[in-house]
Amino acid sequence: GEIVLNSNHSDPAPKKAMEDLIADFQAAHPGITVKWNNFDHEGYKSAIRNFLTADAPDVVAWFAGNRMEPFVTAGLFEDVTDVWDANGLNEQLKSAASAMTIDGKKWGVPYTYYQWGIYYRKDIFAEQGIEPPKTWAEFLAACEKLKAAGITPITIGTKALWPTGGWFDYLNLRVNGYEFHMELTAGKVPYTDPRVRATFEKWGELVNAGYFLESHAAIDWQDAIPQMVQGKAAMYLMGNFAVATMKDGGLTEDQIGFMQFPEITPGIPMAEDAPTDTFHIASGAKNKDDAKKFLAFVASPEAQAKMNATLGQLPVNNQAQKPEDVFLQQGFDMLSNAYALAQFYDRDANAEMAKAGMEAFQEFMVKPDRLDAILERLEKVRARVYN
Amino acid sequence: MFPTPIQKASPLVRSGYKVMLPIALFLWLLPLIGVALTSVRPAGDLAAGNYFGIPSGFAGFENYSAVFQNSPIGYYILNSFKVTIPTVIGAVALSCLTGFALAVYKFKSNLFLFFLFVAGNFIPFQILMVPVRDLTLKMGFYDTTMGLVLFHVAFQTGFCTLFMRNFIKGLPFALIESARVEGVSEWQIFRHIVLPLMRPAIAALSVLVFTFVWNDYFWATVLVQGQHAMPVTAGLNALNGQWVAAWHLVSAGSIVAALPPVAMFFLMQKHFIAGLTLGATKG
Amino acid sequence: MADVSLRGVKKQFGALSVIKGVDLDVKDGEFCVFVGPSGCGKSTLLRMIAGLEEISAGSLSIGGKEMTKFGPSERGVAMVFQSYALYPHMSVEENIGFGLKMTGHSKAVIAERTAAAAKMLQLEPLLKRKPGQLSGGQRQRVAIGRAIVRNPEVFLFDEPLSNLDAALRVQMRTELLKLHQDLKATMIYVTHDQVEAMTMADKIVVLSAGQIEQVGSPLELYHRPNNLFVAGFIGSPKMNFLKVQVKGEGQATTVQLAGATISIPTSGAALSDGEMTLGIRPEHIDAGGQGDVVIEATVKLAEYLGSETLFFVTLADGSELAVKADGLASEKPGQTLRLGINTKACHLFDKDGKAVINGDLTR
Amino acid sequence: MADVSLRGVKKQFGALSVIKGVDLDVKDGEFCVFVGPSGCGKSTLLRMIAGLEEISAGSLSIGGKEMTKFGPSERGVAMVFQSYALYPHMSVEENIGFGLKMTGHSKAVIAERTAAAAKMLQLEPLLKRKPGQLSGGQRQRVAIGRAIVRNPEVFLFDEPLSNLDAALRVQMRTELLKLHQDLKATMIYVTHDQVEAMTMADKIVVLSAGQIEQVGSPLELYHRPNNLFVAGFIGSPKMNFLKVQVKGEGQATTVQLAGATISIPTSGAALSDGEMTLGIRPEHIDAGGQGDVVIEATVKLAEYLGSETLFFVTLADGSELAVKADGLASEKPGQTLRLGINTKACHLFDKDGKAVINGDLTR
Amino acid sequence: MSNTISAAQNWKRNQQKLAPWLFLAPGMLMFLIYVLVPIFQSIWISFHDWDGLGAKEWIGLQNYVELMDDDTFYVSLHNNVLWLVLYLLSIPAGLAVALFLNQTVTGIRLYKSLFFFPFVISQVVVGLMFTWFYAPNFGLFSQSIEWLTGTQVAVLADERYVTYAIIVAGLWPQTAYCMILYLTGLNNINTEQVEAARMDGAKGFKLLWYIILPQLAPATFIAMVVTVIGSLRSFDLVSIMTAGGPYGSSQVLSYFMYEQALSEYGFRMGYGAAIAVVLFLIMMVFISLFIVRMLSQERNA
Ligand SMILES: Nc1ncnc2c1ncn2[C@@H]1O[C@H](COP(=O)(O)OP(=O)(O)OP(=O)(O)O)[C@@H](O)[C@H]1O
Ligand SMILES: Nc1ncnc2c1ncn2[C@@H]1O[C@H](COP(=O)(O)OP(=O)(O)OP(=O)(O)O)[C@@H](O)[C@H]1O
Ligand SMILES: [Mg+2]
Ligand SMILES: [Mg+2]
């Protein structure tokens with residue numbers, strides 16, 4: 001039969017990965033053809049709502065965690081627990097299992113994720129005699145030293161808002177721990193809680209000291225990279241995809257270093273951000289049987305290995321072949337040892353909340369003195385959204 | 001004539017004016033010139049911080065071919081044409097009919113209907129957004145050029161009706177009466193007498209609607225999501241997300257997207273301005 | 001048979017009553033001209049005959065057939081508009097043939113009739129031109145050609161010459177009259193030009209405020225106006241009107257004017273004594289002092305036009321008169337004129353403005 | 001002193017030469033009228049005097065002062081435009097006072113002069129109205145008021161009455177003349193209406209194709225036109241022109257016309273024999289057969305206007321003539337008329353169109 | 001005579017009554033479906049809670065109540081007023097440019113077209129151009145500011161300047177539009193009135209103020225209409241240049257509504273509709289003014 005697949009792989013590398021994946025799947029299942037509708041990355045996020053209700057395809061690409069929750073509660077995704085059970089995925093995809101589970105059922109399969117962390121200019125660190133910091137104190141000291149040398153310690157571009165989410169996630173994970181972070185993003189804790197304030201206070205230390213790139217609100221995340229390339233900035237908290245852009249900008253592998261976000265509150269186990277991309281079956285699918293075959297195929301170690309090699313990301317399947325890339329290997333090691341994985345602020349929190357939250361983070365990074373007002377506003381949104 | 005013709009001024013003022021003209025134009029079009037320059041800049045210039053100096057070389061060919069090869073902009077432009085051309089035809093055709101009806105016949109609700117069309121022109125799109133999107137979804141035209149065409153036709157009909165009606169009102173009514181006395185039916189009057197005389201209005205409206213619809217961004221984002229139906233304005237914004245920091249590509253893409261309406265404007269300038277300035281000069 | 005007959009025809013525009021009950025018979029083949037001041041309803045009446053305006057009340061028949069409810073295309077009338085209303089995008093040929101084409105005539109018939117009309121109107125060399133390339137007079141002819149091809153029994157014209165310059169107007173006037181002789185069709189013609197009305201009409205209809213004031217031949221109206229309105233409207237310069245005291249005396253009635261007594265034959269009309277209006281045309285007063293009665297007057301203003309001289313004079317009792325004299329008359333303002341009045345040229349109107357005595361030089 | 005004097009004035013629009021050298025003196029207080037066919041340059045000449053068009057060559061002086069290079073507001077002239085050019089957004093009062101306001105007069109002065117002008121022109125009840133609420137004649141008066149308040153020495157009018165209807169035109173004509181008498185200012189007036197020119201002018205300037213054809217008083221132009229152009233232009237219906245053979249004979253010259261011989265006194269003019277043009281006005285031919293020479297003619301067309309009858313007749317040799325007769329003349333087409341020609345009314349023009357003999361009835 | 005009239009005759013006689021409706025039908029229908037009915041639907045939806053997926057839930061005025069308590073709403077409203085007021089600057093600016101260009105020298109036609117150019121370009125492109133123009137570090141504007149004052153300003157990232165910066169981008173094409181309206185207006189000015197004024201001694205600014213401007217009133221009116229409507233419709237530029245940022249400080253109602261109803265983080269259709277209704281009501285004030293004026297014109301005509 002034919003399965004219709006809607007996805008958001010419009011950038012060149014993901015597009016290539018998908019083309020290969022579909023070709024391989026059709027080779028493995030000669031009876032099945034895949035009709036693939038590829039969407040613009042941003043547009044897809046609203047498009048999915050339309051096609052799921054109006055003219056449902058069989059398989060859709062989406063994201064794990066809270067991001068899939070509205071579709072699950074609206075009954076638009078199909079329960080695929082049987083696919084997990086039948087293919088031993090509970091074991092193989094263990095690291096992402098919790099992110100795919102709602103009400104004890106599995107609602108899709110993950111096929112890729114990637115690590116977040118701090119990328120830095122190795123050569124500059126060496127020049128300034130800085131060791132990659134492991135603790136908050138060391139981190140502050142490193143920043144101070146860089147700043148004194150006329151280098152912006154941390155580059156960032158917050159125009160698209162989401163890069164601020166990374167900072168909040170990590171600060172909150174390190175200050176208050178994974179459980180608190182998940183409760184907060186699930187709307188169970190008020191933003192006026194002193195623990196949230198503590199997180200912001202740590203952030204404020206960086207902001208007030210002027211460690212962030214000055215006009216960050218005007219630029220996109222890519223625009224922040226030339227600062228690093230030109231040696232005007234030294235560190236960048238980003239997802240692994242940033243490496244490619246850095247290399248494009250002219251940095252060599254030797255110049256780029258990767259480190260885990262340093263510890264803040266001692267003793268709190270280190271959790272990481274690792275956004276996971278997934279495939280789901282629409283509940284309105286016409287060809288669910290073949291769609292399940294597709295999901296099973298995507299979950300397989302071979303398919304994941306090949307796909308992620310093209311994507312430059314990490315396979316979720318722990319049986320898959322490890323990547324060769326040094327940064328991915330570092331990430332693989334870090335994530336394998338992580339206490340837990342968060343999906344990212346805008347995937348863990350409800351969409352409305354995420355929007356308000358990230359706007360607030362941006363505002364905080366520009367006007368840290370408005371913290372009280374910001375937190376109150378967030379709390380107002382939380383109270384409304386989660387009721 | 002006001003101001004006093006420069007020919008009557010002193011030679012000093014006259015030559016001063018002639019010098020001022022190009023300078024003023026240069027300043028006025030500075031953003032555009034900047035973008036045009038950037039679009040032919042080698043990528044290296046940007047990295048080197050040479051954003052608005054003299055380009056180190058001419059990379060127009062590379063940049064523009066890169067835009068077409070590495071992005072679906074060609075496809076977007078095709079989509080834009082697929083939306084724009086049927087809209088122009090549809091809106092102009094419908095408004096010829098409505099304009100004729102409102103200009104030629106006396107009936108009670110005539111003015112009311114006319115003002116309904118006029119008012120429709122000025123309402124904020126946002127008030128239509130949710131229901132129109134819903135309607136388009138239900139009809140299965142969501143994410144198709146057809147969905148955009150239908151909406152644009154309906155909406156532009158309002159503006160075009162205003163224009164057409166006033167234009168036909170300006171035609172000598174005796175033409176129509178004369179034909180009536182000759183035994184010509186109402187449809188024949190429309191078809192054989194009024195329609196041929198509306199050619200200038202049709203031309204003006206076509207150019208105008210073409211530009212409006214080509215430049216539409218809002219509805220393109222509301223009614224279309226996927227690449228396969230996305231017109232170039234929305235596409236350009238999507239590409240802008242992709243090409244961050246690649247200003248030479250963004251610039252080239254912008255210029256490519258702007259080209260068709262600009263060409264249209266320069267080819268049909270008279271009609272374009274006639275359409276825009278409708279009503280601006282008479283009481 | 002294509003006589004046009006209106007019975008109690010009225011027209012309302014909303015609350016505004018524009019035609020207030022018109023009875024009129026235009027005979028077959030007659031050339032009938034509507035005149036009247038601007039806004040009196042000439043065009044409206046014509047358009048009602050054409051079917052372009054609905055008839056609010058009353059009835060219209062053409063050629064004996066009741067037409068009140070018919071649309072313009074069913075009445076067998078043709079209309080020539082003031083603006084000619086030529087279709088600017090069609091050639092002369094197409095303009096002339098358009099009506100026939102739309103009403104489903106065959107190509108052959110169209111070609112034949114167009115050719116005939118073009119020949120009659122000397123339009124042959126112009127057939128391929130567009131209206132924009134024609135002179136005013138040529139356009140006028142095309143408009144007539146368009147009317148002719150349909151062989152209408154009634155032609156309607158609404159000020160067809162008013163857009164032409166004076167010389168051309170005179171020429172087209174003659175052409176129209178010739179056309180009327182050739183076609184022998186009924187023609188109804190609206191104009192505000194007196195000379196046109198006087199020279200073209202078999203019958204003039206004088207309208208005022210939506211009503212007919214008088215119907216008659218041009219010279220009838222000139223010499224025997226029914227009332228003050230018609231008397232004042234026809235003729236230029238206007239007839240002089242003077243308030244006078246009237247006294248009957250046998251076969252004549254005497255009028256006191258600035259000391260002089262004018263005795264006007266009553267021709268059998270019975271009239272009561274008292275105040276009346278005496279009317280006399282400027283051209284019927286002799287500035288040379290020849291006439292039944294002679295009155296002295298002082299020149300207030302003189303206009304020497306070369307071909308004639310117009311005197312505006314004051315009588316002994318202060319009343320004012322216009323007098324048309326020969327171009328050689330050269331009296332200056334302040335000088336005295338001896339005015340000769342021909343009693344046969346005097347009109348008398350009663351208090352309601354009705355003519356009681358129409359002095360008529362032709363009788 | 002506000003005489004206007006033009007010396008060798010020329011105007012070029014690019015390559016087009018519109019005024020080709022005009023010399024003209026308008027005396028202080030004179031009423032001077034420009035006439036001429038459309039496009040001959042009347043408006044252009046007037047606008048050059050006003051300062052609205054630059055003078056390409058030549059010089060202009062007003063009141064003896066050289067004004068060629070001065071701007072329109074510095075020449076002490078006022079102009080009334082054909083469209084009146086009232087400012088539609090200002091009340092009558094503001095319209096009239098605007099010029100004073102612009103030239104920095106005090107409120108009191110403006111109020112006073114506006115009131116005076118309004119009184120003179122009977123505009124007082126209308127002062128608060130906008131031009132849109134005025135009738136044609138009232139607008140005309142406001143336009144004049146706007147000119148008056150500035151106490152100009154020269155008034156310029158460009159066809160000021162052409163937008164009015166006939167009756168109003170006659171009335172405004174009189175008002176303008178009265179104004180001229182009251183103000184005693186120099187007035188230069190453009191019109192295409194002959195009656196206006198004849199009745200209003202002290203001096204008529206006949207222009208043709210950018211050049212002056214003749215300057216003179218109205219009756220001078222009517223009786224003694226310098227050339228064919230002026231003879232044909234002044235007078236309506238037009239002067240009859242007939243090609244004739246001329247032969248000198250002592251104190252007179254004889255002309256052969258349709259078999260008859262007309263002997264015209266030369267009054268001392270030396271003229272050679274041969275073909276010439278005989279001119280005689282329709283009103284100078286007597287349809288009753290009275291005259292120095294009598295010719296028989298056949299009526300081709302007759303227009304009975306009541307006050308007069310126009311005959312278009314054919315002579316024995318086929319030449320055509322227009323004849324103006326009394327309103328009672330009732331000959332029908334085809335009938336024969338005996339035309340009496342007064343030799344004193346005959347004009348002779350040579351091959352170049354120059355008048356050689358101007359028969360003049362007034363002499 | 002028979003009493004029955006044939007169908008053909010019947011049609012012939014009544015076609016003038018029926019024809020307008022037949023001519024109107026297709027256009028009217030489209031307009032009804034896509035423009036008129038949706039207005040009422042939107043108002044209806046604004047009384048509901050609806051995420052576009054499930055069923056609508058009637059919540060009465062709650063959306064409006066929430067709106068009254070929403071900071072972003074007030075920011076948007078404030079910005080809308082800014083837009084409205086500042087956008088009107090395009091009218092005098094357009095007039096100034098028009099006066100500057102209203103000459104007949106060689107090549108002036110081309111100059112006029114080139115000055116008009118910005119209006120022809122899509123607002124998306126205008127937005128991108130100005131983003132580039134304003135870009136910190138390298139944008140022409142930032143460079144000039146740095147050269148002038150010594151400090152950089154990232155105008156699009158600064159809540160103090162961002163709205164002004166976007167409005168400036170909007171003024172660019174709008175001024176061109178007003179310019180063309182005025183050029184046409186100037187072209188159609190009654191020359192005799194200007195000449196009369198010159199004879200009356202009016203010159204320069206006085207002439208402009210007392211005679212020219214009043215005559216340009218129709219052009220000014222149209223310019224007002226399109227400018228006011230345009231300012232309230234401002235969506236494209238905000239969307240392209242800042243997406244309402246930084247942190248919502250350049251938000252305007254039209255974009256706010258879109259964001260609430262359709263963006264990635266939104267899908268609050270009811271709330272969005274409520275914003276749209278507010279925007280619609282504001283706009284209706286201006287539309288009514290416009291219609292009333294047009295109506296009186298029609299009546300006079
Ligand atoms: N469609 C209409 N609606 C209302 N009133 C009208 C209409 N048409 C004409 N009138 C009025 O009817 C009256 C007669 O108009 P009509 O055009 O018949 O006059 P007219 O005698 O032809 O005048 P003119 O010599 O100026 O052409 C006028 O007062 C006019 O204002
Ligand atoms: N601004 C101009 N540019 C070029 N030619 C012009 C201009 N103004 C007038 N003309 C030409 O100059 C000639 C004289 O024009 P003018 O208006 O003076 O004629 P007129 O005698 O007033 O005619 P009318 O009786 O029609 O008003 C015409 O041929 C006209 O076309
Ligand atoms: Mg009329
Ligand atoms: Mg003129």
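Computed from a predicted model, the values in this text were never measured in an experiment. Sequence lines set the chain letters: A, B, ... in the order given, protein chains first and strands last, and positions in each chain run from 1. Hydrogens, waters and symmetry mates play no part in the numbers below; they use all other heavy atoms, side chains included.
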Proximal component of E:Ile33, with respect to chain B [non-hydrogen, under 4.5 Å]: both

Considering all heavy atoms of both residues, which atom of E:Ala261 and which atom of B:Met129 are nearest to each other, and what is their separation? CB-CE, 3.5 Å

Let me know if E:Pro26 has heavy atoms under 4.5 Å from chain B in its side chain, its backbone, both or neither. both

Counting only heavy atoms closer than 4.5 Å, note whether E:Tyr177 contacts chain B via side chain, backbone, both or neither. side chain

Interchain contact, E:Val37 with chain B, by part (heavy-atom threshold 4.5 Å): neither

Heavy atoms of B:Pro3 and E:Leu99 approach each other most closely as CG-O, 3.4 Å

Have a look at B:Ile273 and tell me which of E:Leu183, E:Thr184, E:Leu181 forms a side chain to side chain contact (heavy atoms under 4.5 Å, CB included) with it. E:Thr184

Residue set satisfying side chain to side chain donor-acceptor pair (under 3.5 Å) with E:Tyr182, at least two apart, ordered chain then number -> E:Thr220

Of the backbone (N, CA, C, O) and the side chain (C-beta and beyond), which part of B:Ser109 lies under 4.5 Å from a heavy atom of chain E, both, or neither? side chain

Check: B:Lys18 and E:Val105 side chains under 4.5 Å, non-hydrogen atoms: yes

Against chain E, label B:Thr233 side chain, backbone, both or neither, depending on which of its atoms sit under 4.5 Å from a heavy atom there. both

Where B:Ala154 and E:Met30 come nearest, the two heavy atoms and their spacing: CB-O, 3.4 Å

From CA spacing to verdict: ring-ring contact (aromatic ring centres under 6.0 Å, His included), B:Phe266, E:Phe117: CA-CA 9 Å; B:Phe266 273 103; E:Phe117 210 83; 5.8 Å; yes

Can you find a heavy atom in the side chain of E:Tyr111 that is under 4.5 Å from one in the side chain of B:Pro22? yes

For chain E, the option from B:Pro131, B:Pro5, B:Ala101 that forms the most heavy-atom pairs under 4.5 Å: B:Pro131

Ring centre gap for E:Phe286 and B:Phe122 strictly below 6.0 Å: no

Given that the side chain runs from C-beta out, which part of B:Leu150 has a heavy atom under 4.5 Å from chain E: side chain, backbone, both or neither? both

Flag the one option from E:Gln123, E:Gln41, E:Met129 with the top tally of heavy-atom pairs under 4.5 Å to chain B. E:Met129

Quick one: what part of E:Val194 sits under 4.5 Å from any heavy atom of chain B, side chain, backbone, both or neither? side chain

Does any backbone or side-chain atom of E:Leu232 lie under 4.5 Å from a heavy atom of chain B? Answer side chain, backbone, both or neither. neither

What pair of heavy atoms forms the shortest contact from E:Ser42 to B:Leu128, and how long is it? OG-N, 4.3 Å

In terms of heavy-atom pairs under 4.5 Å, which option from B:Ala119, B:Ala93, B:Cys96, B:Gly99 contacts chain E the most? B:Ala119

Given heavy-atom pairs under 4.5 angstrom as the criterion, report whether the side chain, backbone, both or neither of B:Trp214 touches chain E. neither

Assess the side chains of E:Ser239 and B:Tyr217: does a donor N or O sit below 3.5 Å from an acceptor N or O? yes

With side chains defined as the heavy atoms from C-beta onward, is the minimum distance between B:Phe114 and E:Met294 less than 4.5 Å? yes

Less than 4.5 Å apart, any side-chain heavy atom of B:Pro31 and any of E:Trp132? no

Side chain, backbone, both or neither: which part of B:Ala234 has an atom under 4.5 Å from a heavy atom of chain E? neither

Heavy-atom distance under 4.5 Å between the side chains of B:Phe100 and E:Leu24, does that happen here? no

May I ask you to name which of B:Asp216, B:Asp134, B:Val153 has the most heavy-atom pairs under 4.5 Å with chain E? B:Asp134

Any side-chain heavy-atom pair of B:Leu21 and E:Leu101 under 4.5 Å: yes

Could you measure the distance from the CG atom of B:Leu32 to the CD1 atom of E:Ile121? Nearest 0.5 Å is fine. 5.0 Å

Is chain B contacted by the side chain of E:Ala223, its backbone, both, or neither, given a heavy-atom distance below 4.5 Å? neither

Centre-to-centre under 6.0 Å for B:Phe265 and E:Phe119, is that the case here? no

ring-ring contact (aromatic ring centres under 6.0 Å, His included) for B:Phe155 and E:Phe31? Distances and angles first, verdict last. CA-CA 7 Å; B:Phe155 192 82; E:Phe31 199 70; 7.4 Å; no

Pick one of side chain, backbone, both or neither for E:Phe130, based on which atoms fall under 4.5 Å of a heavy atom in chain B. side chain

Tell me, side chain or backbone of B:Thr161 under 4.5 Å from chain E's heavy atoms, or both, or neither? neither

Side chain from CB out, backbone as N, CA, C, O: work out which of these in E:Ser288 comes under 4.5 Å of a heavy atom of chain B, or both, or neither. neither

Applying a strict 4.5 Å limit to non-hydrogen atoms, the region of E:Phe221 in contact with chain B is neither

Can you tell me how far CG of E:Leu295 sits from CZ of B:Phe115, rounded to the nearest 0.5 angstrom? 4.5 Å

Side-chain touch E:Ser122/B:Val232, heavy atoms, less than 4.5 angstrom: no

Do B:Tyr17 side-chain atoms and E:Phe100 backbone N/O form a donor-acceptor pair below 3.5 Å? yes

Counting only non-hydrogen atoms closer than 4.5 Å, does B:Ile123 touch chain E with its backbone (N, CA, C, O), its side chain (CB onward), both, or neither? both

Chain E interface, residue from B:Lys169, B:Gln126, B:Arg133 that has the most non-hydrogen pairs under 4.5 Å: B:Gln126

Under the rule for salt bridge (charged side-chain N to carboxylate O under 4.0 Å, His left out), what residues qualify as partners of B:Arg165, not counting sequence neighbours? E:Glu298

How close do B:Glu186 and E:Phe23 get, heavy atom to heavy atom, and via which atoms? O-CZ, 4.0 Å

Using a cut-off of under 4.5 Å for heavy-atom pairs, which of B:Thr136, B:Thr157, B:Leu135 has the most such pairs with chain E? B:Leu135

Of the backbone (N, CA, C, O) and the side chain (C-beta and beyond), which part of B:Met20 lies under 4.5 Å from a heavy atom of chain E, both, or neither? both

Honestly, the part of B:Val222 sitting under 4.5 Å from a heavy atom of chain E is both

Tell me, side chain or backbone of B:Ile255 under 4.5 Å from chain E's heavy atoms, or both, or neither? neither

If you tally heavy-atom pairs under 4.5 Å between each of B:Asn110, B:Leu111, B:Thr211 and chain E, the highest tally belongs to B:Leu111

Is E:Val124 in contact with chain B via its backbone, its side chain, both, or neither, using a 4.5 Å heavy-atom distance? side chain

Toward chain E, the part of B:Arg14 with a non-hydrogen atom under 4.5 Å: neither

Do E:Phe290 and B:Asn121 come close enough that some side-chain heavy atom pair is under 4.5 Å? no

Atom of B:Gln269, atom of E:Ser113 and distance for their closest heavy-atom approach: OE1-OG, 2.8 Å

Side chain, backbone, both or neither: which part of E:Ile287 has a non-hydrogen atom closer than 4.5 Å to chain B? side chain

What part of E:Met283 is in contact with chain B, defined as an atom under 4.5 angstrom from a non-hydrogen atom: side chain, backbone, both or neither? side chain

For B:Thr4, which atoms come within 4.5 Å of any heavy atom of chain E: side chain, backbone, both, or neither? both

Bottom line for E:Trp21: the part with an atom under 4.5 Å from chain B's heavy atoms is side chain

